[in-house]
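This is a predicted model, so every value here is computed, not measured. In what follows, chains are A, B, ... by sequence order, proteins preceding strands, each numbered from 1.
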Amino acid sequence: MTVRTRFAPSPTGFLHIGGARTALFSWAFARKHAGDFILRIEDTDVARSTPEALQAILDGMQWLGLSHDEGPFYQMQRMEMYKKILQTMLDNGTAYYCYCSKDELETLRESQMQQNIKPRYDGRWRPETGKNLPTMPQDIAPVIRFKNPQTGNVVWHDLVKGEISIANDELDDLVIARSDGTPTYNFCVVVDDSEMGISHVIRGDDHVNNTPRQINMLQALAAFDTKIKVPQYAHLSMILGDDGQKLSKRHGAVSVMQYHEDGYLPEAVLNYLARLGWSHGDEEIFSMQQFCEWVDLDHITPSAAQFNTDKLKWLNAHYIKLATPEYLATDITKRLAKLNVDIASRPNSQPNLDAVIHLYKERANTLNELALSIAYFFQKPVIDIAATEKHLTDDIKPIISALKSTLSKVEWQAENIHEAINATVTKYQLKFPKVAMPLRVLITGIAQSPSIDQVMALLGKEEVLARISL
RNA sequence: GUCCCCAUCGUCUAGAGGCCUAGGACACCUCCCUUUCACGGAGGCGACCGGGGUUCGAAUCCCCGUGGGGACGCCA
């Protein structure tokens with residue numbers, strides 16, 4: 001059997017971390033089994049769907065590199081097919097019209113809540129042999145409801161959570177088409193999943209409660225079309241915020257593109273997401289190629305997982321270290337531009353950006369940190385007054401002055417610069433940092449940097465000498 | 001409220017009845033490296049939600065609590 005998975009977001013918001021993880025597992029699972037990954041846009045909620053949200057989702061998927069083999073399919077473009085199937089269900093008695101008004105349903109719900117029973121449709125328009133239906137109101141456009149079985153249990157083996165069983169009498173006859181005729185989510189999912197030949201439905205665990213309804217519909221459809229099969233389900237548990245709280249629009253939920261913005265590499269986000277709620281022994285760091293070989297559904301934890309930004313940062317630092325300067329340069333140039341450091345227009349690109357990145361990439365957690373920390377190579381440093389006062393003391397100033405004139409005569413290479421500093425240190429019988437620290441502060445503005453001789457070599461003689469002004 | 005799901009260090013997790021004195025990773029702490037800060041290296045701190053069973057033996061299986069989460073829309 002060919003594995004076919006899908007990611008089916010509704011374009012009502014950005015692609016957040018939970019959605020991205022679901023997409024990642026669907027994508028990887030399809031890749032592992034040489035199957036197909038399908039992108040389907042569930043846009044039947046016309047009022048809330050926006051082109052901006054659609055674009056944001058597409059951008060997020062692209063940034064992460066989760067490429068689909070088919071689609072994107074848009075449900076709004078599949079209306080004819082849904083309506084045809086709706087009519088078939090009406091004809092064969094698996095669905096029926098319901099003329100309840102929204103007010104009527106609201107009243108029903110409230111009274112059920114008051115009696116402490118689960119609120120659900122009471123089936124007043126459900127046709128049964130020998131049953132008298134209410135008088136059809138003139139002013140109500142009907143919805144279509146699915147005639148859900150009333151007895152027995154729906155049982156399926158969830159690939160993540162194991163066997164789940166829900167009694168049919170817990171379920172009601174759900175609306176599958178609105179009064180304006182448009183089909184609803186649960187119906188479209190069922191039609192699309194079977195029509196697209198989806199073998200594994202991998203989705204968030206907020207859909208567990210929809211699954212028995214969907215299975216019932218699938219079975220109703222299958223009774224009239226033997227090609228229709230119930231797919232396998234895998235429900236991924238949700239991701240909690242750093243603080244253990246549920247992610248929501250109001251609290252903590254951010255677009256995956258925000259991570260891009262914040263200076264995270266997609267490699268790091270992907271690796272982190274793959275490892276969140278899934279494991280392959282003790283493996284922590286792995287490529288997507290590796291993940292696609294290893295991924296399986298039985299090692300996904302059924303419990304919710306809390307997001308940990310520190311660990312993401314650690315992975316990000318790792319992938320920055322791994323990356324070549326050339327790979328990072330374009331991105332870093334853009335981030336520098338945002339800091340008003342325009343290096344694109346510098347004539348002979350001195351200092352060399354790749355070399356600077358090379359010097360700094362082992363010390364940054366994010367690309368933003370990296371850009372910020374190398375800005376002083378391309379513009380006057382921001383001086384840390386406290387650090388300057390601490391290291392550039394009056395007693396050392398004459399020595400630095402002397403060093404400056406020595407420096408002005410050396411051939412500009414890190415080794416020679418190091419030697420010059422060493423000579424000064426020896427001459428005045430000092431410890432190396434005693435000289436290196438004031439230099440560092442003068443040149444970089446702050447008290448932390450890579451080897452100061454290497455920094456100086458890269459920055460260029462003229463600029464270094466200019467910055468050593470006391 | 002009703003139904004469904006979940007429960008190992010602070011966090012992510014390993015764990016399929018004996019390999020468990022519970023392993024790894026992030027974070028934290030100490031030391032080493034060192035030209036400051038990082039990086040890197042070596043250590044350390046730190047968990048089986050509670051109670052009952054089953055079994056020679058339970059983190060692992062069962063039951064009951066407790067706690068957490070989800071669902072209950074003409075949203076998806």
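Pairing for B/rA7 goes to B/rU66, judged as Watson-Crick or G-U wobble with the two contacts each under 3.5 Å. Base pairing annotation: B/rU54 forms no Watson-Crick or G-U wobble pair, as no partner gives both donor-acceptor distances under 3.5 Å. The partner of B/rA16 cannot be assigned: no Watson-Crick or G-U wobble pair with both contacts below 3.5 Å exists in any strand. Shown here, B/rA38 forms no base pair; nothing in the strands shown gives a Watson-Crick or G-U wobble contact with both key distances under 3.5 Å. Taking a pair to require two hydrogen-bonding distances under 3.5 Å in either a Watson-Crick or a G-U wobble arrangement, B/rG1 pairs with B/rC72.
A sub-4.0 Å separation between OP1 or OP2 of B/rG40 and a side-chain N or O of A/K321 is present. Between A/T12 and the phosphate of B/rA76, there is no side-chain N or O to OP1/OP2 separation shorter than 4.0 Å.
Residues of residues 72-82 of chain A that place a heavy atom closer than 4.0 Å to RNA chain B do not occur. Remark: A/I452, A/D453 in residues 452-459 of chain A come within less than 4.0 Å of RNA chain B through at least one heavy atom.
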Any N/O pairs under 3.5 Å between the protein and nucleotides 7-12 of chain B? List them or say none.
unit_1 : atom_1 : unit_2 : atom_2 : d
B/rC12 : OP1    : A/Q306 : N      : 2.9
B/rC12 : O2'    : A/R275 : O      : 3.2
B/rC12 : O2     : A/K311 : NZ     : 3.4

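Residue contacts for A/P9: at a heavy-atom cut-off of 4.0 Å it reaches no nucleic acid atom on any strand shown. Residue contacts for A/T44: at a heavy-atom cut-off of 4.0 Å it reaches the sugar-phosphate backbone alone, with no base atom in range.
Annotation: of the two residues near RNA chain B, A/D282 and A/A167, the 5′-most nearest-nucleotide partner is A/A167.
Below the 3.5 angstrom threshold, one finds no donor paired with an acceptor across the side chain of A/H391 and the base of B/rU36.
Here A/Q112 contributes atom CD and A/L108 contributes atom CG; the two are 4.0 Å apart, rounded to the nearest 0.5 Å.
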